[in-house]
Asker: 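Just dropping this structure here.
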Amino acid sequence: MGRLMDRIGLRDYLANHSDQIRQYGERLRQPAVGVLRSVAEGVFGLTTVIVLAYLMVLEAPRMTGAALARAGEARGERWRRVGREISRTVTGYLTGNLLISLICGLLTFVVLLLTGVPFAAVIALLVAIADLIPLVGATIGAIIAIGAGFLHSTTAGIIVLVFFVIYQQIENHLLQPVILSRSVRLDPLTVLISVLLAAELAGLVGALLAIPAAGIVRILLREYAPRRHTPPPPQPTP
């Protein structure tokens, strides 16, 4: 190997350009280190979430019981009632959001199947997953489905485009307010206004948390807001 390196001049090249080779190695190592760091952080984050979820489920009854016991009987019963209402609100929001995504995925599958777009089930599943994001989720899913439609044929792409333009209006102004108002127990106008305001103030995270946050605020106001006592009507004098 040494004689071969001398014959082709590789040894001299390495000796004369050692600094440049070292710089190339460092440049190549940086992306690899970044990828490995991202993978390690993802695995660590996923493991942490799983462990925390397990510990919370395991220790939640004991911690809740201890807190309620310290609060006293009357206050503990009130806290228990508020906790049940908040849990019902969050569960209702998740259930309603899943129902809306299921409707979007099924309708997308039917449209793609009728237009002959290949892999209709896979595309519809991606659209349903993207639709879990309020307001912008249907748009993200629509881009995927419309792109697949145009790749298949121009006619299919136009049909899918028209479908999503109509469906987004129906979902944003009918399905979401009606379904989420029943599952979260808020009126449709409050649902729509809370989502629009939260999306404007806090972006995507605000849109995700707007409806359950509005439900929780309603529960807290109902339980802890000062109530105005109306005086009893005056008794007629004999």
Side-chain angles (χ1 to χ4, degrees), residues 45-104 128-141 168-233:
L46 179 61
T47 305
T48 303
V49 169
I50 294 174
V51 172
L52 284 177
Y54 173 75
L55 292 177
M56 289 175 66
V57 171
L58 188 65
E59 298 293 334
R62 184 180 61 83
M63 295 173 62
T64 304
L68 294 177
R70 290 178 177 273
E73 184 176 354
R75 186 178 297 177
E77 180 61 29
R78 190 177 192 182
W79 288 1
R80 190 179 291 108
R81 183 175 63 252
V82 171
R84 284 196 301 264
E85 292 290 334
I86 291 176
S87 176
R88 189 180 296 114
T89 297
V90 175
T91 304
Y93 169 71
L94 294 177
T95 304
N97 209 8
L98 287 174
L99 178 59
I100 294 172
S101 298
L102 180 62
I103 294 173
C104 180
I129 294 174
D131 195 62
L132 291 172
I133 306 173
L135 294 181
V136 298
T139 304
I140 297 174
Q168 283 190 15
Q169 300 301 318
I170 296 174
E171 179 182 300
N172 292 336
H173 298 91
L174 180 62
L175 289 180
Q176 281 192 355
V178 171
I179 293 178
L180 293 180
S181 64
R182 293 187 177 183
S183 59
V184 187
R185 299 182 181 181
L186 293 172
D187 59 275
L189 181 60
T190 303
V191 171
L192 186 59
I193 292 177
S194 62
V195 171
L196 293 176
L197 288 178
E200 183 68 23
L201 295 176
L204 181 59
V205 177
L208 286 171
L209 302 178
I211 297 175
I216 293 172
V217 170
R218 179 186 65 85
I219 295 171
L220 296 178
L221 288 177
R222 186 188 64 192
E223 290 290 337
Y224 296 102
R227 299 175 181 176
R228 183 178 301 174
H229 296 282
T230 58

Asker: Nearest 0.5 angstrom please: Leu99 CG to Leu175 CG, how far?
Answerer: 8.5 Å
Asker: How long is the gap from SG on Cys104 to CD1 on Ile170, to the nearest 0.5 Å?
Answerer: 11.0 Å
Asker: Can you list the residues that meet the side chain to side chain contact (heavy atoms under 4.5 Å, CB included) rule with Ile129, with sequence neighbours excluded?
Answerer: Leu125
Asker: What distance do Thr91 atom OG1 and Arg84 atom CZ have between them, rounded to the nearest 0.5 Å?
Answerer: 13.5 Å
Asker: Could you tell me which residues satisfy salt bridge (charged side-chain N to carboxylate O under 4.0 Å, His left out) with Arg218, sequence neighbours excluded, listed by chain and number?
Answerer: none
Asker: Please identify which of these residues, Asn97, Ile100, Thr139, meets the side-chain contact (heavy atoms from CB on, under 4.5 Å) condition with Asp131.
Answerer: Ile100
Asker: For Leu98 and Leu132: C-alpha separation, side-chain torsions, deciding distance, then whether side-chain contact (heavy atoms from CB on, under 4.5 Å) applies.
Answerer: CA-CA 7 Å; Leu98 287 174; Leu132 291 172; 3.8 Å; yes
Asker: For the residue pair Ile140 and Ala130, what are the closest heavy atoms and their distance?
Answerer: CG2-CB, 4.2 Å
Asker: Would a 4.5 Å heavy-atom cut-off, applied to side chains only, mark Arg88 and Glu85 as touching?
Answerer: yes
Asker: Quick one: list whatever passes side chain to side chain contact (heavy atoms under 4.5 Å, CB included) with Leu94, sequence neighbours left out.
Answerer: Val90
